[in-house]
Amino acid sequence: MNTSISKPPIQKNVNLAPFNTLGVEATAAQFLTISESSQLLGLFREGFFKKNDPVILGGGSNVLIKSDLNQPVLKISIPGIEVLNEKEDEVLINSGAGVIWHDLVSYCVDHDFGGIENLALIPGTVGAAPIQNIGAYGVELKDTFHSLKAFIPATGEQKEFSKKECEFGYRDSIFKNSLKGEVIITEVTLRLQKSPHQIEDSYYALREYFQTNGVTEPSIKDVFDAVVTIRESKLPNPELIGNAGSFFKNPIVERSIYQKIKAEYSEMPSFEAGDGKIKIPAGWLIEQAGWKGKKVGNVGTYKNQALVLVNHGGATGEEIYQHAMNISESVKEKFGIELAPEVNVIS
Ligand SMILES: Cc1cc2nc3c(=O)[nH]c(=O)nc-3n(C[C@H](O)[C@H](O)[C@H](O)COP(=O)(O)OP(=O)(O)OC[C@H]3O[C@@H](n4cnc5c(N)ncnc54)[C@H](O)[C@@H]3O)c2cc1C
């Protein structure tokens with residue numbers, strides 16, 4: 001890794017529409033692309049972090065930019081995938097925070113390293129993956145996570161975080177809570193398996209796919225292909241219609257609350273969430289509240305999945321935010337359940 005200290009160029013008044021998958025038009029007063037971690041130290045030494053509280057941006061696939069930003073935006077584009085340590089049965093893979101997550105998944109599947117194939121095609125960067133402990137098709141980042149390196153803007157230090165220190169939860173980590181805005185992730189290391197792999201195919205959609213396609217003993221490449229095919233058929237492509245994936249988290253409620261709602265809505269889907277609690281799909285709640293496929297002004301919910309808010313073109317961040325609040329209020333009114341945004345709201 002390059003240890004020389006340089007400063008990134010500063011661009012002024014940059015339109016952020018190409019940098020957020022909701023396609024919201026907003027202007028960043030200053031925009032800096034970080035392509036190596038030493039640039040962060042360069043900025044620290046000239047007092048940048050004392051004067052500014054920058055917005056950290058990866059691929060912009062999990063943010064709602066509510067308004068123009070007076071604070072600088074740091075776009076993390078640190079590249080590089082490296083095998084750190086290879087044993088007979090496992091391998092440690094280190095990746096720069098700016099690597100596109102799906103490129104890392106493809107690299108691992110191509111090299112027959114197993115563990116993240118179920119997370120194929122999740123948009124965004126490697127550096128953002130720990131922030132909400134990305135998850136899909138029965139797997140979460142934490143299952144293969146080893147450690148990460150982060151720059152601490154307040155002190156100029158580089159700190160390593162173990163899995164335990166990241167305090168991962170469902171779409172959650174310490175970086176969304178007590179360390180929110182306090183760290184800039186520069187590298188992530190994963191522990192992956194070499195063949196024979198443990199395949200996670202218990203998810204209904206995966207099993208159905210393998211049955212239809214006559215796959216009896218899926219390999220990690222089969223899982224990767226299945227996930228890519230299923231996701232492409234189900235989720236809106238942000239290049240075609242602006243969206244940030246699931247806008248809200250699936251609420252986890254006490255069993256007594258679940259039972260009360262279930263008595264009235266026997267068809268309500270649900271999942272055990274541990275500690276006797278129940279997870280209810282937020283998309284179902286939103287659909288029941290009458291929002292599925294509904295368009296209001298330039299904003300709406302996706303026709304096939306009410307949990308995804310979409311920008312039909314020209315929506316402002318404020319408009320999308322207001323729409324999300326209206327949805328959340330009507331779900332609260334109908335079911336008494338508070339929806340928490342999964343998307344990070346920036347203003
Ligand atoms: C179509 C679609 C499908 C999706 N499907 C899934 C899914 O199945 N599962 C899932 O978990 N998510 C999903 N997402 C959400 C999103 O892809 C993930 O949250 C992803 O990890 C965000 O990465 P990003 O680089 O775009 O982060 P950004 O949107 O740029 O940032 C997200 C948050 O992380 C912070 N951040 C970003 N990079 C860093 C860094 N290097 N250091 C410190 N903080 C940082 C930002 O400040 C912000 O708060 C989906 C999104 C879309 C658009």
Side-chain angles (χ1 to χ4, degrees), residues 16 18-24 33-35 37 40 53-65 69 71 73-78 95-105 116 118-142 148-153 159 161 166 168-177 179-188 203 205 227-228 230-232 234-250 283 302 304-305 307-311 341-347:
L16 294 173
F19 299 106
N20 73 97
T21 60
L22 270 164
V24 168
T33 301
I34 304 297
S35 51
S37 57
L40 296 169
D53 185 13
V55 169
I56 310 304
L57 203 59
S61 66
N62 204 19
V63 290
L64 168 58
I65 302 170
L69 301 177
Q71 64 275 50
V73 169
L74 297 190
K75 162 117 179 82
I76 307 302
S77 297
I78 300 167
S95 169
V99 170
I100 301 298
W101 172 259
H102 182 71
D103 291 350
L104 177 63
V105 178
I116 52 173
N118 295 51
L119 305 179
L121 226 56
I122 295 182
T125 56
V126 170
I131 302 286
Q132 71 158 5
N133 178 28
I134 56 169
Y137 297 94
V139 169
E140 290 183 323
L141 179 81
K142 73 171 170 50
L148 64 78
K149 283 190 182 150
F151 180 82
I152 313 295
K159 182 171 165 20
F161 287 80
C166 291
F168 290 125
Y170 162 61
R171 298 295 181 275
D172 206 18
S173 73
I174 194 167
F175 311 111
K176 286 192 98 172
N177 296 293
L179 291 186
K180 192 176 160 113
E182 304 286 323
V183 305
I184 301 175
I185 296 171
T186 53
E187 293 172 35
V188 175
Y203 223 76
V227 169
V228 167
I230 297 167
R231 289 185 73 102
E232 280 177 341
K234 270 179 42 179
L235 286 167
N237 179 348
E239 280 170 25
L240 304 177
I241 181 160
N243 75 90
S246 305
F247 197 92
F248 299 99
K249 291 189 198 186
N250 292 317
Y302 187 51
N304 300 335
Q305 171 52 279
L307 187 50
V308 178
L309 267 62
V310 292
N311 177 357
E342 179 181 311
V343 166
N344 301 277
V345 179
I346 297 174
S347 54

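In each ligand, atom 1 is the first atom listed, and ligand 1 is the first ligand listed.
Checked against I122 for a side chain to side chain contact (heavy atoms under 4.5 Å, CB included), the options L141, I134, V105 give a single hit: I134. In summary, of the residues considered (V188, V126, I78), a side chain to side chain contact (heavy atoms under 4.5 Å, CB included) with V99 occurs for V126 alone.
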Go ahead and list the nitrogen or oxygen contacts between ligand 1 and the protein that come in under 3.5 Å, distances to 0.1 Å, or just say none.
{"residue": "ligand 1", "atom": "5 (N)", "partner": "R231", "partner atom": "NH2", "Å": "2.8"}
{"residue": "ligand 1", "atom": "8 (O)", "partner": "R231", "partner atom": "NH1", "Å": "3.0"}
{"residue": "ligand 1", "atom": "8 (O)", "partner": "R231", "partner atom": "NH2", "Å": "3.3"}
{"residue": "ligand 1", "atom": "9 (N)", "partner": "G135", "partner atom": "O", "Å": "2.8"}
{"residue": "ligand 1", "atom": "11 (O)", "partner": "Q132", "partner atom": "NE2", "Å": "3.1"}
{"residue": "ligand 1", "atom": "11 (O)", "partner": "G135", "partner atom": "N", "Å": "3.1"}
{"residue": "ligand 1", "atom": "11 (O)", "partner": "R171", "partner atom": "NE", "Å": "3.4"}
{"residue": "ligand 1", "atom": "12 (N)", "partner": "Q132", "partner atom": "NE2", "Å": "3.1"}
{"residue": "ligand 1", "atom": "17 (O)", "partner": "S61", "partner atom": "OG", "Å": "3.0"}
{"residue": "ligand 1", "atom": "17 (O)", "partner": "P123", "partner atom": "O", "Å": "2.8"}
{"residue": "ligand 1", "atom": "19 (O)", "partner": "N62", "partner atom": "ND2", "Å": "3.0"}
{"residue": "ligand 1", "atom": "19 (O)", "partner": "Q132", "partner atom": "NE2", "Å": "2.9"}
{"residue": "ligand 1", "atom": "25 (O)", "partner": "G59", "partner atom": "N", "Å": "2.7"}
{"residue": "ligand 1", "atom": "25 (O)", "partner": "T125", "partner atom": "N", "Å": "2.8"}
{"residue": "ligand 1", "atom": "25 (O)", "partner": "T125", "partner atom": "OG1", "Å": "2.7"}
{"residue": "ligand 1", "atom": "26 (O)", "partner": "G59", "partner atom": "N", "Å": "3.2"}
{"residue": "ligand 1", "atom": "26 (O)", "partner": "G60", "partner atom": "N", "Å": "3.0"}
{"residue": "ligand 1", "atom": "26 (O)", "partner": "S61", "partner atom": "N", "Å": "2.8"}
{"residue": "ligand 1", "atom": "26 (O)", "partner": "S61", "partner atom": "OG", "Å": "2.6"}
{"residue": "ligand 1", "atom": "29 (O)", "partner": "S61", "partner atom": "N", "Å": "3.0"}
{"residue": "ligand 1", "atom": "29 (O)", "partner": "N62", "partner atom": "N", "Å": "2.7"}
{"residue": "ligand 1", "atom": "30 (O)", "partner": "G58", "partner atom": "N", "Å": "2.7"}
{"residue": "ligand 1", "atom": "30 (O)", "partner": "G59", "partner atom": "N", "Å": "3.4"}
{"residue": "ligand 1", "atom": "30 (O)", "partner": "G60", "partner atom": "N", "Å": "2.8"}
{"residue": "ligand 1", "atom": "41 (N)", "partner": "I185", "partner atom": "O", "Å": "3.0"}
{"residue": "ligand 1", "atom": "42 (N)", "partner": "I185", "partner atom": "N", "Å": "2.8"}
{"residue": "ligand 1", "atom": "47 (O)", "partner": "I56", "partner atom": "O", "Å": "2.6"}

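Every residue two or more places apart in sequence or in another chain was checked for a side chain to side chain contact (heavy atoms under 4.5 Å, CB included) with K180, and none qualifies. Evaluation of the side chain to side chain contact (heavy atoms under 4.5 Å, CB included) rule for L235 yields R231, V308 as partners, not counting sequence neighbours. Residues satisfying the salt bridge (Lys or Arg N to Asp or Glu O under 4.0 Å) test with K142, not counting sequence neighbours, are E140.
No side-chain heavy atom of T125 sits under 4.5 Å from any side-chain heavy atom of I76.
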